[in-house]
2 protein chains.
Amino acid sequence: MKIQKEKQNRYEIRFSGSGGQGLITAAVVFAEAVGVYDGKYVCQTQSYGPEARGGKSKAEVVISDQPIDYPKALELDLLLAMNQAACDAYFFDIKANGLLVVDSSLVEQYPTSRIITIPFTQIAKEEIGRELVANMVALGTIGFLCGRVDLANLEKALLARVPKGTEEMNSRALQRGIEEAQKIDVQGLPRAVMSEDDDL
Amino acid sequence: MKIQKEKQNRYEIRFSGSGGQGLITAAVVFAEAVGVYDGKYVCQTQSYGPEARGGKSKAEVVISDQPIDYPKALELDLLLAMNQAACDAYFFDIKANGLLVVDSSLVEQYPTSRIITIPFTQIAKEEIGRELVANMVALGTIGFLCGRVDLANLEKALLARVPKGTEEMNSRALQRGIEEAQKIDVQGLPRAVMSEDDDL
């Protein structure tokens, strides 16, 4: 599976948090930027089971250079966790040296030192004036960090989907998220300890 | 595969048309009604490839009594086509005696006599006053015809997702779609001719 994933250049992202935080919207905008504007293969998926009532919400995006046979995420390259429950539940789905990005306004206990913490909700509330656009601040950060989407296309996709009259606010939120990501030294993050077996 | 699908009681719907017709939103509302409110297993997927620039848009929902391994639609139980291009492209993905529902305001050439035609866009424009809610008229029709979602939960999911201030309009659109569906005699539709092999 590992060889196949590398051959396809597959990249998996999960947006997670609470219902009402706009994670599906963020994932749909991301997928449209990559699929419609960048012209790559991308699948965007929501899966619900009886546990969906528990208040956790997740939305996944899988990007590839080739047609995607299996659209669900198997091993995350990047997990966004916008609350503690999602961080706790999904942390173990990240692959070795994948990225964990959390909203430090809402997540207090960090499961690892290999973590990127940005107060998305606080930035949205205090700087943009609307807590609701925390999802777009996070989207900007994810877009920059993953390196798999043209950031101009990400903004185009966002502008095409948000309600009329909210374009500027959402666009500012996205830009603030990109700025926050630019400050991060990803190479300087602690690396997961890997056994020799992991290289096989 | 047929036996496995029947055992799982799997049901597959594709919402298709043009970008901008709100098909992803309709599919997400449907999936949330089934997954969050009805508490069943459901996957909702958007897949994009380099052909996504062509103006066709599609969103899929797969419902099952059991966890869903493969979230893409394989053989449609129901296809909604909101324009001619989508009707032409996806008609062949419907299984024998599955349902084809088209927006007769926008689809002129019907590929089969086994078809349900409702002018969703015209109803939205002339009766609700906003062409944009044609997706919710269609959602009401699909919800009723598929028989797989509690219609009160469909409205709850819709109200939780549409922009504030548009709740009543969207709710009226949904109800109009349900009313249109109630007029349809599904059992009276022509049935696909099946060879004896199909029963094996």
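Below, read A as the first sequence line, B as the second, and so on, with proteins coming before strands; counting in each chain starts at 1.
- At a threshold of 4.5 Å between non-hydrogen side-chain atoms, the residues Val34(A) and Tyr48(B) do not count as touching.
- Taken together through direct or relayed side-chain contacts under 4.5 Å among Ile, Leu, Val, Met, Phe, Trp and Tyr, Phe91(B) and Leu106(B) form parts of separate hydrophobic clusters.
- Between Thr45(B) and Glu60(A), every side-chain heavy-atom pair lies at or beyond the 4.5 Å cut-off.
- No side-chain heavy atom of Ile24(B) sits less than 4.5 Å from a side-chain heavy atom of Gln44(A).
- In the hydrophobic cluster analysis, where Ile, Leu, Val, Met, Phe, Trp and Tyr join through side-chain heavy atoms closer than 4.5 angstrom, Leu174(B) is grouped apart from Leu132(B).
- Gln46(A) is listed as a side-chain neighbour of Gln46(B), based on a closest heavy-atom distance under 4.5 Å.
- Linking Ile, Leu, Val, Met, Phe, Trp and Tyr residues whenever their side-chain heavy atoms come within less than 4.5 Å places Phe15(B) and Val29(B) in a single cluster.
- Linking Ile, Leu, Val, Met, Phe, Trp and Tyr whenever their side-chain heavy atoms come within less than 4.5 Å leaves Ile128(B) and Leu154(B) in two separate clusters.
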